[in-house]
Amino acid sequence: VLIGNKKNVAVKPNLVLAKASDECVTTHPAVVQSVLEAVVDSGRCAKIAESPGGPYARPYLQAVYQATGIAKAAKSAGAELNDDLGYKRVYLKNGQAVKTMRIIKPVLDADSVISVAKLKTHGMMTYSGAVKNLFGVVPGISKPECHFRLPAKEDFARMIVDIAEFIKPDFCVIDAVWAMEGNGPTAGNRRKVGAIIVSDCPYAADIVAGHIIGLDWRDNPVIKNAADRGLCREQDIEMLGDGIDDLIVADFVMPEVHGTNLLRGRVPKLLERILTKRLVLYPKFNDTKCVGCGICAKNCPNKAITMRNNRPDVNMRKCINCFCCHELCPQKAVEIHKPFILRAAIRIFK
């Protein structure tokens with residue numbers, strides 16, 4: 001009903017890495033299969049559309065489909081797996097951060113898009129859900145470029161909303177049966193929430209998901225930007241189904257924070273500017289876990305990482321703190337390090 005007479009439906013799960021579903025890195029295949037079956041049973045054509053982290057290449061795409069269980073889910077539902085690697089640069093009429101963006105063809109060719117996200121924390125953006133999931137419509141070749149052009153999380157959030165406003169998904173599902181807490185979106189810990197959130201508005205879905213895990217929408221840079229644009233209002237959300245109070249996880253672990261947020265409005269502007277570079281998190285590599293695959297170096301937007309003696313070496317002057325290395329490391333060998341002065345600031349101001 002929500003997608004009307006639209007025949008070709010692109011179903012967009014979160015398949016950032018080739019990981020098994022029990023690691024809570026990707027949308028669970030059972031949730032994706034249920035959505036696919038609903039689309040197919042309605043007489044429509046359903047196709048998985050996703051550009052995972054890393055190269056947008058057929059062998060890697062197929063490996064991700066297999067590892068995540070999505071290949072089996074699509075086959076069981078009678079849906080298609082995208083193997084079209086084409087993309088096109090489009091004009092974003094309402095773009096505030098960017099006016100053009102490369103978007104993968106299966107999304108552009110579809111009549112309707114359904115976002116099927118995973119509830120996760122995110123080292124850079126704090127939270128990943130229905131809206132952030134839509135960054136996956138950008139081909140892998142362009143993702144590092146986006147991080148390089150927009151290193152500040154507020155600007156990156158504006159770009160995510162720009163993409164969401166271009167895609168305008170007709171329906172959104174957030175898989176929060178088992179979520180990821182801590183240092184997500186790929187190296188955090190499993191946490192049972194026991195919820196599936198559905199909405200025709202991705203911003204509303206994320207506001208409700210945030211409420212469940214104790215994240216105020218004002219602390220979610222993506223939703224804060226959407227609210228500033230007048231795209232969503234918490235008071236306009238109508239809740240159906242089970243009561244939300246029974247789902248709240250009071251001790252859900254959020255990701256580490258940058259210290260500049262702690263100082264803002266509490267110290268003089270000049271002092272805040274001086275301390276900014278000393279109050280940021282940065283990636284630190286665990287040599288015992290690192291296998292020297294080089295994925296971090298290949299995907300570093302600012303080429304701050306080089307491989308020396310089969311181990312990553314980071315030029316911190318070039319690092320833009322996007323944590324792509326942390327997100328894409330298949331061995332969870334990249335840790336988010338908190339400098340001493342930041343730890344001290346947190347103790348003082350929190």
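Residue pairs meeting the side chain to side chain donor-acceptor pair (under 3.5 Å) criterion with at least one member in residues 56-70, sequence neighbours excluded, are Tyr56-Asn82.
Judged purely by atom type and a 3.5 angstrom limit, Lys318 uses its side chain to pair as donor or acceptor with the backbone of Lys303. Panel note: side chain Asn225, backbone Pro221; no donor-acceptor pair is recorded below 3.5 Å. A donor-acceptor contact shorter than 3.5 Å links the side chain of Lys12 to the backbone of Asn133. One N or O on the side chain of Lys120 and one on the backbone of Pro185 form a donor-acceptor pair closer than 3.5 Å. For the pair Asn302 (side chain) and Ala304 (backbone), a donor-acceptor distance under 3.5 Å is absent. Lys47 places no side-chain N or O within donor-acceptor distance of the main-chain N or O of Asn8, the cut-off being under 3.5 Å. A donor-acceptor pair under 3.5 Å is formed between the side chain of Thr186 and the backbone N or O of His326. Ser76 contributes no side-chain N or O that, together with a main-chain N or O of Ala73, makes up a donor-acceptor pair within less than 3.5 Å. Judged purely by atom type and a 3.5 angstrom limit, Lys6 has no side-chain atom pairing as donor or acceptor with the backbone of Val113. At distances below 3.5 Å, not a single donor-acceptor pair connects side-chain atoms of Lys118 with backbone N or O atoms of Ala130.
Under a hydrophobic clustering in which Ile, Leu, Val, Met, Phe, Trp and Tyr are joined whenever their side-chain heavy atoms come within less than 4.5 Å, directly or via other members, Leu231 and Ile163 fall into the same cluster. Under the 4.5 Å side-chain heavy-atom criterion for grouping Ile, Leu, Val, Met, Phe, Trp and Tyr, Ile212 is connected to Ile196 within one hydrophobic cluster. Val40 and Val31 fall into different hydrophobic clusters, where Ile, Leu, Val, Met, Phe, Trp and Tyr side chains are chained together by heavy-atom contacts under 4.5 Å. Grouping the Ile, Leu, Val, Met, Phe, Trp and Tyr side chains by contacts below 4.5 angstrom, directly or via other members, places Val137 with Leu81. Following chains of ILVMFWY side-chain contacts shorter than 4.5 Å, one can reach Ile197 starting from Val177, so the two form part of one hydrophobic cluster.
The nearest pair of heavy atoms linking Gly54 to Asn299 is CA-OD1, 3.5 Å. Looking at every heavy atom in both residues, Val253 comes nearest to Thr121 through O-CG2, 3.7 Å. Closest heavy-atom contact between Cys290 and Ala333: N-CB, 3.6 Å. Minimum interatomic distance between Ala110 and Ala10 (heavy atoms only, all atoms of both residues): CB-CB, 3.6 Å. Listed here is the closest heavy atom pair of Asn5 and Arg44: N-NH2, 4.3 Å. Residues Ile174 and Ala209 share a closest heavy-atom pair of CD1-CB, 4.1 Å.
Atom-to-atom distance recorded for His147:NE2 and Met124:CE is 6.0 Å, nearest 0.5 angstrom. Atom SG of Cys172 is separated from atom OH of Tyr203 by 9.5 Å, given to the nearest 0.5 angstrom. Interatomic distance, Met180 CE to His122 NE2, rounded to the nearest 0.5 Å: 11.0 Å. The OG1 atom of Thr306 sits 14.0 Å away from the CZ atom of Arg311 when rounded to the nearest 0.5 Å. Atoms SG and CZ, on Cys324 and Phe148 in that order, are 12.5 Å from each other to the nearest 0.5 Å. Considering NE2 of His28 and OG of Ser34, their distance stands at 10.5 Å, rounded to 0.5 Å.
A salt bridge links Asp228 to Lys224: at least one charged side-chain nitrogen sits closer than 4.0 Å to a carboxylate oxygen. Using a 4.0 Å cut-off between a side-chain N of Lys or Arg and a carboxylate O of Asp or Glu, Arg191 and Asp251 qualify as a salt bridge. A salt bridge links Asp313 and Arg308; the closest N-O separation between the charged side-chain nitrogens and carboxylate oxygens is under 4.0 Å.
Side chain to side chain, Asn189 and Glu181 fail the donor-acceptor criterion of an N or O pair below 3.5 Å. For the 3.5 Å distance criterion, the side chains of Thr126 and Asn220 fail to qualify, holding no donor opposite an acceptor.
With sequence neighbours left out, the side-chain hydrogen bond (donor to acceptor under 3.5 Å, both in side chains) criterion links Arg190 to no other residue.
Around the CD atom of Gln235, the shell of radius 6.0 Å holds more than 12 heavy atoms that belong to other residues, nucleotides or ligands. The number of heavy atoms from other shown groups lying within 6.0 Å of NZ (Lys298) does not exceed 12. Within a 6.0 Å sphere centred on NZ of Lys105, heavy atoms belonging to other residues, nucleotides or ligands number 12 at most.
Put simply, the side chain of Leu36 reaches to within 4.5 Å of the side chain of Ile48, judged on heavy atoms. Residues Cys232 and Ile207 have side chains in contact (heavy-atom distance under 4.5 Å, counting atoms from C-beta outward). Leu108 has its side chain within reach of Phe166: a pair of non-hydrogen atoms, C-beta onward, lies under 4.5 Å apart. Between Phe135 and Cys146 there is a side-chain heavy-atom pair separated by less than 4.5 Å. Side-chain contact between Val116 and Asp175 is absent, with no heavy-atom pair separated by less than 4.5 Å. Inter-residue side-chain proximity for Ser115 and Pro202 is flagged as unmet; no heavy-atom pair is nearer than 4.5 Å. Under the 4.5 Å side-chain criterion, counting only non-hydrogen atoms from C-beta, Leu328 is in contact with Val16. Contact of the Tyr127 side chain with the Ile223 side chain is not registered, since no non-hydrogen atoms from C-beta on lie closer than 4.5 Å.
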Which donor-acceptor pairs under 3.5 Å do the side chains of residues 93-103 make with protein atoms, sequence neighbours left out?
unit_1 : atom_1 : unit_2 : atom_2 : d
Gln96  : OE1    : Arg229 : NE     : 3.4
Lys99  : NZ     : Gly95  : O      : 2.9
Thr100 : OG1    : Arg89  : NH1    : 2.9
Arg102 : NH1    : Ser142 : OG     : 3.0
Arg102 : NH1    : Glu145 : OE1    : 3.1

*Please walk me through it: do Phe285 and Cys296 pass side-chain contact (heavy atoms from CB on, under 4.5 Å)?*
CA-CA 10 Å; Phe285 291 81; Cys296 55; 3.9 Å; yes
*Do Val32 and Ile70 pass the side-chain contact (heavy atoms from CB on, under 4.5 Å) test, and can you show the C-alpha distance, the side-chain angles, and the key distance before you say yes or no?*
CA-CA 8 Å; Val32 178; Ile70 296 301; 3.8 Å; yes
*Apply the test side-chain contact (heavy atoms from CB on, under 4.5 Å) to residues Asp170 and Asp200: give CA-CA distance (whole Å), side-chain angles for both, the deciding distance (0.1 Å), then the verdict.*
CA-CA 6 Å; Asp170 287 291; Asp200 59 354; over 6 Å; no
_Let's go through Gln33 and Lys72 carefully: what are the C-alpha distance in whole Å and the side-chain angles of both, what is the deciding distance for side-chain contact (heavy atoms from CB on, under 4.5 Å) to 0.1 Å, and is it a yes or a no?_
CA-CA 9 Å; Gln33 183 174 331; Lys72 183 177 179 181; 6.0 Å; no
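When Ile305, Val334, Ile336 are each tested for a side chain to side chain contact (heavy atoms under 4.5 Å, CB included) with Pro283, only one passes: Val334.
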